[in-house]
Protein chains: 2
Amino acid sequence: MSVPLYQAKAELFRTLGHPVRIRVLELLQDGPKPVRDLLAAIDVEASNLSQQLAVLRRAGMVTSHRDGPLVMYALSTPDVADLLAAGRRILGAVLTDRDALLDELRGTGGDR
Amino acid sequence: MSVPLYQAKAELFRTLGHPVRIRVLELLQDGPKPVRDLLAAIDVEASNLSQQLAVLRRAGMVTSHRDGPLVMYALSTPDVADLLAAGRRILGAVLTDRDALLDELRGTGGDR
DNA sequence: GACCGACTTGAAGAATTCTGCAAGTGCTAA
DNA sequence: TTAGCACTTGCAGAATTCTTCAAGTCGGTC
């Protein structure tokens with residue numbers, strides 16, 4: 001085991017730590033897509049998207065293959081979707097907690 | 001509004017993108033712990049641990065309160081554990097895929 | 001009060017990541 | 001074979017994150 005487990009886990013999550021990469025993965029949840037479509041949906045430079053796709057590829061989260069003139073991308077495993085779903089849940093929990101706290105500080109809405 | 005959703009998600013995952021922070025969260029899965037214990041378990045400088053704890057606090061993933069001479073930390077929501085579990089699962093899937101591929105190519109040990 | 005253990009904070013240099021530009025590859029159509 | 005679309009790669013400079021040191025706060029003890 002050359003790479004400590006904690007490091008591997010951290011790298012996995014860090015891979016998800018970029019808005020463009022998150023969007024790509026979410027778009028790919030609906031099935032394989034060509035770069036073309038991702039580019040149309042995401043509003044980022046082509047080279048930038050390509051860099052982020054390379055990161056996802058290196059991390060083993062997506063696979064790609066050429067299909068005629070297009071390059072198709074797909075999630076390498078459906079587990080990726082689970083991870084995103086878990087992220088959504090926790091985001092909800094954390095954000096509502098934080099908002100509640102903010103409201104308390106601000107005294108907004110002042111019931112009781 | 002102020003923070004696009006994709007950005008919030010990316011920030012959530014980026015918060016997990018550090019070995020020390022991962023270890024802290026895993027240790028806290030077993031229940032609240034004082035910094036003392038985390039420090040004994042993790043092998044990192046006290047100030048460094050404190051910095052990482054501050055990151056987790058700011059992200060709303062842990063809470064802390066003073067208990068006598070000690071400062072106790074706890075997960076702010078059990079959903080955090082779910083996220084870590086999902087990470088473990090996907091790590092398994094991705095790593096076995098990657099190792100299979102590496103074995104096919106050759107056996108030189110290059111970590112990172 | 002003086003002191004010590006338990007933590008946190010601030011700041012600066014090192015290391016890593018991001019972004020956009022320029023250039024390059026591969027496929028297909030003209 | 002020239003041209004054009006669809007992508008990728010290499011490479012700076014900018015921005016962000018990490019790590020460590022020095023200094024500071026908070027509680028309990030002597």
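To find a chain, count down the sequence lines: A is the first, B the second, and so on, and within it residues start at 1. No experiment lies behind these values; they were computed from the predicted model shown.
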Out of dT19(C), dT28(C), dC7(D), minimum distance to the side chain of His18(A) belongs to dT19(C)

Q) With respect to the phosphate group of dC18(D), does any side-chain polar atom (N or O) of Arg21(B) fall under 4.0 Å of OP1 or OP2? A) yes

Here the distance between atom P of dC7(D) and atom CE of Met72(A), to the nearest Å, is 9 Å

At less than 3.5 Å, do the side-chain atoms of Ser47(A) and the base atoms of dC7(D) form a donor-acceptor pair? no

Q) For dT17(D), does either OP1 or OP2 sit under 4.0 Å from a side-chain N or O belonging to Arg14(B)? A) yes

Review point. Does a sphere of radius 6.0 Å around CG in Asp30(B) hold more than 12 heavy atoms from other residues, nucleotides or ligands, not counting ones at 6.0 Å or beyond?
Key: yes

In whole angstroms, the gap separating P of dC21(C) from CG of Leu49(A) amounts to 16 Å

Whole-Å distance, Arg57(A) CZ to dT8(D) P, equals 6 Å

Practice prompt. Please step through salt bridge (charged side-chain N to carboxylate O under 4.0 Å, His left out) for the pair Arg58(A) and Glu11(A), ending with a clear verdict.
Written response: CA-CA 11 Å; Arg58(A) 264 179 254 128; Glu11(A) 273 167 29; over 6 Å; no

To the nearest angstrom, the CG-P distance between Asp67(B) and dC26(D) comes to 17 Å

Quick note, Pro34(A) side chain, CB onward, closest among dT20(D), dC7(D), dG10(D) is dC7(D)

Quick note, Ser50(B) side chain, CB onward, closest among dT9(C), dT8(D), dC26(D) is dT9(C)

From CZ of Arg36(A) across to P of dT28(C) the rounded distance in Å is 15 Å

Separation of dC18(D) atom P from Ile22(B) atom CD1, nearest Å, is 12 Å

Picking from dC7(D), dT19(D), dG20(C), the nucleotide nearest the side-chain atoms of Gln52(B) would be dT19(D)

With the side chain defined as heavy atoms from C-beta on, Ala46(A) is closest, among dT19(D), dC26(D), dT8(D), to dT8(D)

To the nearest angstrom, the CG-P distance between Leu70(B) and dG28(D) comes to 10 Å

Of Gly68(A) and Asn48(A), the one whose nearest nucleotide on DNA chain C sits closer to the 5' end is Asn48(A)

Test item: Arg21(B) side-chain N/O and Val55(B) main-chain N/O as donor-acceptor pair under 3.5 Å:
no

Whole-Å distance, Phe13(B) CZ to dT17(C) P, equals 18 Å

| task | Look at the side-chain N and O atoms of Tyr73(A) and state whether any lies under 4.0 Å from the OP1 or OP2 oxygen of dA6(D). | result | no

- Message: Checking the side chain of Thr63(A) only, and the main-chain atoms of Ser76(A) only, is there a donor and an acceptor separated by less than 3.5 Å?
- Response: no

**Item:** Arg57(A) (side chain) donor-acceptor with Ser64(A) (main chain) under 3.5 angstrom
**Value:** no

